[in-house]
Visitor: 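Pasting a structure here, questions to come.
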Amino acid sequence: MRLTVGQALIRFLANQFSERDGVEQRLIPGCFGIFGHGNVAGVGQALLEYGDEMPYVLARNEQAMVHAAAGFARQKNRLATYACTSSIGPGATNMVTGAALATINRLPVLLLPGDIFSTRVASPVLQELEDPGSLDASVNDAFKPVSRFWDRINRPEQLVSSALAAMRVLTDPADTGAVTLALPQDVQAEAFDWPEEFFAKRVWHVRRPPAEAELLAQAAELLRGAQRPLIVSGGGTIYAEATEALTHLAEATGIPVAETQAGKGSLNYDHPQSLGAIGATGTTAANAIARDADVILGVGTRYSDFTTASRSLFAEDARFINLNVTTVDAFKHAGLPLVADARAGLEALATALEGWTADADHGERATRLAREWDETVEAAFTLGHGPLPAQSEVLGVVNRVSGPRDVVVCAAGSMPGDLHKLWRTRDPKGYHVEYGYSCMGYEIAGGIGVKLAAPDRDVYVMVGDGSFLMMAQEIVTAVQEGVDLRIVLVQNHGFASIGALSESVGSQRFGTNYSTREDLALVAEGLGASVHRAKTLDDLEAGLRDATGVTVVQIETDPLVGAPDSEAWWDVPVAEVSGLDSTRSARETYEENKRTQQQYLNPREKVKP
Ligand SMILES: Cc1ncc(C[n+]2csc(CCOP(=O)(O)OP(=O)(O)O)c2C)c(N)n1
Ligand SMILES: [Mg+2]
C-alpha cells in the first residue's frame, strides 16, 4: 500500500491495542497536536485524511498536551495513552518537560516532534539549531535523556521496526515512559510501498511477570520473622490493579499499610490497617510505624526522598523487601529484589504467608495511631480560621462535596503535601497527584487527560495561583472538547509552599510573594470557563455543587496556615556559612537532621533464611 510516512504512522497507530487479563483496548485512541511547519503537511495531513480512525485534539501548548496524555495514561493504569504531534523547534522542545514528567512517573506517552530536513537541502531551516560539530544534531536530541525510547526516522523503511519498538516500550510495565519518534519534515511527506501487514491489528500483551520461587520463599521467611512489619504501597500497586490483592494480604497477615503519593488510594482511608500517607508529607501514624518497622515490604514504589523522609525515616538496620516490576526499584536500599508484577507478587506472598499473622499489638497500635490522625484531619478540615480560610479547610470542603469515585488532581505547590496528608481516599483511582516531577502547570492539562480517560467520574482540579499562571490556557481546550472540569483555584498571592520552605531554611520567604493583586478569575472567564468567586467555604461548596461544564471556583486562603505536621524531615541543603542569623540557625537544625540520614545497606547475609 502506497502511503506517506505520516499516513502510514497514523494508520499503524490506529490499529494498535493493549491487552491485560484478557481485556483489550485501543492503545492510542487519539492524538493531541499543535501544527506548524514540520508537521502540518505530514502527520497533520494524515490526521485530516484518517481522522475517523485517529481523532485529533487541538491543544494550546505542547507541554500541556503531553501532560494531558500522561494524565490519561495514569488514569488508564498505563494501558492506553495519547500521541502528541508538534512542529519543529520550539513546538518540539516545549514537549521536553512533558517527556521528563512522563518518564519520571513511568507513564507512557508517544511524542512525535517534527524535525529538520533529512536531506538538509535548505539548511538551516526556520527554527533549526546549527551545531558546528555535527550536521546530524537537532533540538530533538534533547529528548534522548528524558525518553525511554528515541529514534529519528530518516528513511521511510526505518519506520516499520521503529514503530514496533515504540509500541513494545509503551506497553512494557518496566520500561515504559516517554517514547519519542523524531520525524524529519521531508520524510513525513515521502511516499513508500508499505507491506499490508504493517497495518494489521496488533495486540500488545501487558505482562505480569511472577516472582522467582526462591526469592519469594526468602521474602516470606523474612516477614514471618518480623516483629513490626510495614507495607509501603506505591503507584505500582494501583497501575497493576493490585489493590484487592494488597487488601487481602494486609487483612490475612495484619500488616499495616502506608501509601506514597502515587500509591495513595491503595487502601480506603478508613480501612483499619490504613496508615495513610508516609514520609515527608505523611501522617504521624505512618511515620511512627515506619520508624519502628523492622521489615518493610515496598510494593511498586520508587522510594523517593519524600517517601523515605530523605532516608531518615526507617531505622538503620531495617530490612527491605521490594516487590517491583522494575529492576532499578527492586534493588533499592539493598533490598530483597522481588522483580515481579505487583498483583502476581502479592498473591504469591499471601499464599506463602498462609497461617502467619503479625503481632496483634503491632496492628492495634497502627489502627489506634491512624484513628488519632483522622481526628487531626477532622480538626484541620474544620479549623474555623479567619478572616480568610485555611487551605486545609478548602480541601475538607472539596473532599466532602466530591463523590467516592471522583478524582482529585494536583501536582505542585503546598496542596500536594496537604492532600497527601489529609485527603480521604475512597477509590483506588480517586487520587491523582503528580509528584514524581511535581510540575507546576500539570493540573488543568493533566485533569483533561483524567476526564477523557474516566468520563463517568467528576474531576476536581486543585490549582494554586502560581501553577495557574504557568499554564491556564488549556481551559480553552477543555471547553472546546466538552471536557467538564471542576477547577478549584486557590489564591494565596504567591508561592506559599516555597515561602514556608524558604522560612524553614532561614531564607525569610524571600522572593515568594507577589506584590500584585491580579484577578485570575477574570482570566479564567476570558478563557471560557464558568467562574464562581467564593468568599467563604459555604460559597465554595455552593459553587462546586452548582458546577456545570468547565467551572473555576476561586477562593482566597491564608498562606500562613500550614497543614498538621508530619514529624518527618526533607533534605534541602542550607548555606554552610552566612552573615544572616536566620540562615545560621537553620544550618544548625539542618546539621542535626542530617545525622539521622541512613544508607540502608541491608546486608544480604542477614536476608537469607
Ligand atoms: C515548573 C515548576 N517550576 C518551579 C517549581 C518549584 N515550585 C514548587 S511549588 C512552587 C510554587 C507554587 O505556587 P502555587 O501554585 O501558588 O502554590 P502554593 O505554593 O501557593 O500552594 C514552585 C515555584 C515547580 N515545582 N515546577
Ligand atoms: Mg499560591
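Only a predicted model underlies this, so the values are computations on that prediction, with no experimental measurement involved. In this chain, residues are counted from 1 in sequence order.
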Visitor: Would you please classify the geometry between the Tyr435 ring and the Phe306 ring as parallel, tilted or perpendicular, with 30° and 60° separating the classes?
Guide: perpendicular
Visitor: For Gln480 and Thr477, test the side chains for any donor-to-acceptor distance below 3.5 angstrom and give the result as yes or no.
Guide: no
Visitor: Do you know which two heavy atoms are closest between Ile153 and Leu183, and how far apart they sit?
Guide: CG1-CD2, 3.7 Å
Visitor: Looking at Met54 and Ala14, what are the two nearest heavy atoms and their distance?
Guide: CE-N, 3.7 Å
Visitor: Is the positively charged end of Lys201 above the ring of Phe17, judged by distance under 6.0 angstrom from the centroid and angle within 45° of the axis?
Guide: yes
Visitor: Less than 3.5 Å apart, any donor N or O on the side chain of Asn324 or Lys332 sitting next to an acceptor on the other?
Guide: no
Visitor: Is a side-chain donor-acceptor pair under 3.5 Å present for Trp204 with Glu19?
Guide: no
Visitor: Between Tyr50 and Arg11, is any side-chain donor less than 3.5 angstrom from a side-chain acceptor?
Guide: no
Visitor: Is Asp456 close to Arg405 at the side-chain level, that is, under 4.5 Å between some pair of heavy atoms?
Guide: yes
Visitor: Classify the angle between the aromatic ring planes of Phe35 and Tyr56 as parallel (below 30°), tilted (30 to 60°) or perpendicular (above 60°).
Guide: parallel
Visitor: Is there a donor-acceptor contact under 3.5 Å from the side chain of Gln597 to the main chain of Ser312?
Guide: no
Visitor: Given the rule in the side chain to side chain donor-acceptor pair (under 3.5 Å) test, do Ser402 and Arg426 qualify, once you have shown the distances and angles that lead to the verdict?
Guide: CA-CA 10 Å; Ser402 62; Arg426 298 151 288 174; 3.1 Å; yes
Visitor: Evaluate the criterion side-chain contact (heavy atoms from CB on, under 4.5 Å) for residue pair Val299 and Val232; output intermediate values, then yes/no.
Guide: CA-CA 6 Å; Val299 185; Val232 176; over 6 Å; no
Visitor: Can you tell me how the ring of Phe12 sits relative to the ring of Phe198, calling it parallel under 30°, perpendicular over 60° and tilted otherwise?
Guide: parallel
Visitor: Can you run down the salt bridge (charged side-chain N to carboxylate O under 4.0 Å, His left out) pairs that involve residues 56-80, sequence neighbours left out, and say none if there aren't any?
Guide: none
Visitor: Is there a donor-acceptor pair under 3.5 Å between the side chain of Lys264 and the backbone N or O of His420?
Guide: yes
Visitor: Will you find, in the side chains of Asn39 and Ser87, an N or O donor that is under 3.5 Å from an N or O acceptor?
Guide: no
Visitor: Could you check whether any side-chain heavy atom of Asp136 comes within less than 4.5 Å of a side-chain heavy atom of Asp131, counting everything from C-beta outward?
Guide: no
Visitor: Hey, is the main chain of Ala454 close enough, under 3.5 Å, to the side chain of Lys429 for a donor-acceptor pair?
Guide: no
Visitor: Under the 3.5 angstrom rule, does the side chain of Asp115 hit a backbone N or O of Pro184 as a donor-acceptor pair?
Guide: no
Visitor: Does the ring centre of Tyr600 sit less than 6.0 Å away from the ring centre of Tyr303?
Guide: no
Visitor: Is a donor on one side and an acceptor on the other found under 3.5 Å between the side chain of Glu434 and the backbone of Tyr437?
Guide: yes
Visitor: Find the distance between CD (Glu244) and CG (Leu267) and round it off to the nearest 0.5 Å.
Guide: 11.5 Å
